[in-house]
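What follows is a set of notes on a single structure, which appears directly below.
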Amino acid sequence: MKILLVEDDREMAQGIAQALAAQGHEVEVTYDGNAGAERARAGEHMAVIVDRMLPGMDGLAIVKALRAEGLRTPILFLTTMSGIDDRVEGLEGGADDYLTKPFAAAELLARVNAITRRAEGHGETTILKTADLELDLIRRTVTRQGRPATLQAQEFKLLEYLMRNAGRIVTRTMLLEHVWDLHFDPRTNIVETHMSRLRAKLDCGLGGEVIRTIRGTGYCLRAH
């Protein structure tokens with residue numbers, strides 16, 4: 001698998017590249033944000049690993065620009081910025097995952113494998129269908145009753161999780177863990193806000209709520 005690494009710390013970049021190469025991956029390394037963005041635009045890579053703080057163009061700006069241009073290559077952020085707001089900002093900006101420094105090479109490899117597996121379907125179906133919803137994991141598109149819905153990165157991940165658990169009740173804690181990778185309650189309304197936005201986009205002009213709120217418990221995506 002060809003991976004693009006954008007990391008200005010040359011010693012760290014070398015270590016990451018060696019760890020990935022040891023697993024059979026081909027790694028291309030750039031040390032500057034502008035150069036990294038340009039190489040990512042070529043669309044030749046199965047995954048992109050981006051540092052948040054970079055010379056030339058910071059990592060968040062790179063990801064936002066690439067997503068705005070339609071690039072759907074899985075992206076993993078590496079950063080020393082470990083605050084909740086930083087993580088949310090990175091994921092909202094379009095990253096598929098977020099790993100804080102320092103980290104173990106094994107975890108980096110696992111996360112890279114996870115985001116590429118999600119994108120490729122890893123031998124599973126690449127299209128999820130539930131009721132009148134259809135979600136394409138490769139093209140990153142969503143339709144309801146054949147009508148497209150434009151979702152942000154976290155809204156897409158939220159809907160994917162709901163569709164994989166259609167007909168089941170999912171709690172707020174489950175969503176925080178599986179969609180935001182937060183294993184504690186940040187004491188914000190992040191779930192409620194994204195759920196509201198997702199509903200507005202899915203239900204707009206079509207009638208009938210596709211996502212139900214189960215009072216005091218969580219949410220449930222209509223299965224039929």
Side-chain angles (χ1 to χ4, degrees), residues 1-83 86-87 89-126 136-140 153-154 156-157 160 177-183:
M1 176 166 64
K2 189 171 183 179
I3 299 172
L4 174 65
L5 172 62
V6 189
E7 169 62 70
D8 63 325
D9 184 326
R10 291 177 180 263
E11 184 177 350
M12 177 171 285
Q14 182 179 12
I16 293 172
Q18 288 176 347
L20 292 170
Q23 297 298 313
H25 301 302
E26 178 185 350
V27 185
E28 178 181 354
V29 182
T30 63
Y31 306 100
D32 172 87
N34 291 322
E38 189 62 29
R39 289 302 303 134
R41 288 188 178 98
E44 300 172 357
H45 309 89
M46 294 294 292
V48 179
I49 303 173
V50 184
D51 186 19
R52 274 289 295 260
M53 306 298 289
L54 291 165
M57 185 179 190
D58 70 80
L60 184 60
I62 290 174
V63 174
K64 285 184 174 180
L66 294 175
R67 293 307 191 218
E69 293 165 15
L71 187 78
R72 294 304 176 208
T73 305
I75 298 175
L76 170 68
F77 264 134
L78 293 181
T79 181
T80 56
M81 302 167 65
S82 58
D86 297 319
R87 294 173 60 150
E89 184 180 36
L91 294 169
E92 281 295 295
D96 294 273
D97 204 350
Y98 198 101
L99 183 60
T100 56
K101 301 176 182 178
F103 53 85
E107 182 176 7
L108 172 64
L109 291 167
R111 288 177 180 266
V112 170
N113 288 335
I115 62 174
T116 54
R117 191 164 55 238
R118 272 203 304 269
E120 295 176 345
H122 197 58
E124 302 172 359
T125 179
T126 59
D136 190 316
L137 293 166
I138 299 297
R139 294 185 176 86
R140 310 289 286 183
Q154 283 304 100
F156 189 93
K157 289 178 70 176
E160 179 186 347
E177 290 182 354
H178 294 280
V179 179
W180 282 271
D181 195 29
L182 296 175
H183 298 273

Which heavy atom of [X] sits nearest to which heavy atom of [Y], and what is that distance?
| X | Y | value |
| --- | --- | --- |
| P55 | D8 | CD-CB, 3.6 Å |
| R67 | G94 | NE-O, 2.9 Å |
| T100 | Y98 | CG2-CE2, 4.0 Å |
| L91 | A153 | O-CB, 3.7 Å |
| V179 | Q154 | O-NE2, 3.3 Å |
| G36 | L4 | O-CD2, 3.6 Å |

I16 pairs by side-chain contact (heavy atoms from CB on, under 4.5 Å) with which of V29, V27, L78?
-> L78

Does the pair D9 and Y31 meet the rule for a side-chain contact (heavy atoms from CB on, under 4.5 Å), with working shown?
-> CA-CA 7 Å; D9 184 326; Y31 306 100; over 6 Å; no

Can [X] and [Y] be counted as an ion pair, charged N to O under 4.0 angstrom?
| X | Y | result |
| --- | --- | --- |
| K101 | D51 | yes |
| D97 | K157 | no |
| D96 | R72 | no |
| E69 | K64 | no |
| D181 | R87 | yes |

Should [X] and [Y] count as side-chain neighbours, where that means a heavy-atom distance under 4.5 Å?
| X | Y | result |
| --- | --- | --- |
| R140 | F156 | yes |
| I3 | M46 | no |
| E92 | E89 | no |
| M1 | E26 | no |
| D86 | T79 | no |
| L76 | V50 | no |
| F77 | L60 | yes |
| E28 | K2 | yes |

Please say whether more than 12 non-hydrogen atoms of neighbouring residues, nucleotides or ligands are located less than 6.0 Å from CD in E177.
-> yes

Donor-acceptor under 3.5 Å (D58 side chain, L54 main chain) | no

Are the side chain of R10 and the backbone of Q14 linked by a donor-acceptor contact shorter than 3.5 Å?
-> no

Go through the steps for D32 and V6 under the test side-chain contact (heavy atoms from CB on, under 4.5 Å), then give the verdict.
-> CA-CA 7 Å; D32 172 87; V6 189; over 6 Å; no

Determine, stepwise, if the pair R41 / L71 fulfils side-chain contact (heavy atoms from CB on, under 4.5 Å).
-> CA-CA 7 Å; R41 288 188 178 98; L71 187 78; over 6 Å; no

Using the side-chain contact (heavy atoms from CB on, under 4.5 Å) rule, take L108 and I49 through it: C-alpha gap first, then chi angles, then the decisive distance, then the call.
-> CA-CA 10 Å; L108 172 64; I49 303 173; 4.2 Å; yes

